[in-house]
Protein chains: 2
Amino acid sequence: MRQIAKDVGVQAGALYNYIPDKQTLLLDLMRDHMEQLLADVPKAVEQGTPMERLEAFVRFHIAYNYDHPDAVFIAYMELRNLEPANFELIETLRSRYERHLEAILQDGVREGAMTVGEPRVVTFTLIAMLNGVNTWFREGGRLSLAEVQDLNWSMVRRAVGVE
Amino acid sequence: MRQIAKDVGVQAGALYNYIPDKQTLLLDLMRDHMEQLLADVPKAVEQGTPMERLEAFVRFHIAYNYDHPDAVFIAYMELRNLEPANFELIETLRSRYERHLEAILQDGVREGAMTVGEPRVVTFTLIAMLNGVNTWFREGGRLSLAEVQDLNWSMVRRAVGVE
DNA sequence: GTCTATATTCTGATAGAC
DNA sequence: GTCTATCAGAATATAGAC
């Protein structure tokens, strides 16, 4: 709290005019992030065939994570510091986000465009894979963000496509 | 430190007969984990074609993570609490582990059995994907560990295979 | 090798003046 | 709404007795 106060240019006590306590601050940060993600994902993935929507999801997820590295980092690394009730709240939002991907996979299977045995588990697997980008990608390296999106989409497409 | 002391049944001060300080304890935990991983991986992936070695790596990685959930959790979540020199040390070990997978991918491409544009980046991507298992898999659920290994291998095989 | 006791620093949060 | 001052507790680590 003292570090936050220093960074925003006030004394530590002044922070409590804005937040009731530290736990609520953490919850607010994580909830704002999840709600923004949930607000943005529908329009990114609502049009086209299941395969087109899947590609849109892959590119959206990578781009969103790249644009919000701190929020994404906190959303994963600070989960263990949420009180049980707050943890449940965030997990509910995360689950709602994952359902967008799961629905795409289910549609793809139904239309015969994808081969996915377990849509729920494949959803977890793909999101874990896409989240990996933030741990190593840095702008100015050998690959551009667009190339990383291309590479991930190439792998996802093949991993769930009909053979 | 007090919690650790309580769990092992001594007073907090007695811990310092075994470790010089908390940072060293964390480093030792992470280094022991990485060195065990490095000791076990070669014999798991040294035999067969690149595709067979890749399958062996996928199954080995998932099984190892499942058998050492606490060590794996610490190895990722506590990286930020390592002092710079210790962080470098652990990252060097992690990189050495990743080279085993990267070498398999390179061999597969050379022999025409795999289509992988960027072996280094695909290595990061696949390990992130496999690491995801520990965040959601619990024994006694709908899927067995073997089924989770099968599902991951099915996705990895298709993601890097020739089309 | 473990204990008790404690030094020192840090932490989240509050009280009251302005 | 921010400040100064401070409370109460927790943290890592050390000292010295046994």
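Order of the sequence lines fixes the chain letters, A, B, ..., with proteins taken first and strands second; residue numbering starts at 1 for each chain.
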Whole angstroms only, please: what is the [atom1]-[atom2] distance between [X] and [N]?
X       : N      : atom1 : atom2 : result
B:Ile4  : D:dA11 : CD1   : C1'   : 13 Å
A:Lys6  : D:dT2  : NZ    : P     : 19 Å
A:Met1  : D:dT6  : CE    : P     : 22 Å
A:Gln11 : D:dT6  : CD    : C1'   : 13 Å
A:Asn81 : C:dG12 : CG    : P     : 11 Å
A:Leu26 : C:dA13 : CG    : P     : 12 Å
A:Lys22 : C:dT14 : NZ    : P     : 14 Å
B:Leu15 : D:dA11 : CG    : P     : 13 Å

[X] side chain, from C-beta outward: closest of [options]:
X       : options               : answer
A:Arg2  : D:dA13, C:dG12, C:dT2 : C:dG12
B:Asn17 : C:dG1, D:dT2, C:dT14  : C:dG1
B:Tyr16 : C:dT14, D:dT14, D:dC3 : D:dT14
A:Val10 : C:dT4, D:dC3, D:dA13  : D:dC3
B:Ala14 : C:dC3, C:dG12, D:dC3  : C:dC3

**OP:** Check whether the side chains of B:Asn81 and B:Glu78 place a donor and an acceptor atom closer than 3.5 Å, and report yes or no.
**Re:** yes

Subject >> Polar side chain donor-acceptor pair, A:Asn131 to A:His61, under 3.5 angstrom >> reply: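 A pair is found: one side chain offers a donor N or O, the other an acceptor, under 3.5 Å apart.
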
Original post:
Under the 6.0 Å and 45° cation-pi test, does B:Arg94 pair with B:Tyr76?
Top reply: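 Satisfied, under 6.0 Å and within 45°.
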
**OP:** Would you please indicate yes or no on a ring centroid separation below 6.0 angstrom for B:Phe73 and B:His33?
**Re:** no

Original post:
Do any side-chain nitrogens or oxygens of B:Tyr18 fall under 4.0 Å of OP1 or OP2 in C:dT2?
Top reply: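 Yes, because at least one side-chain N or O of B:Tyr18 sits under 4.0 Å from OP1 or OP2 of C:dT2.
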
Subject >> Worked verdict on A:Lys22 versus A:Met1 for side-chain contact (heavy atoms from CB on, under 4.5 Å) >> reply: CA-CA 8 Å; A:Lys22 197 172 83 155; A:Met1 299 305 285; 3.4 Å; yes

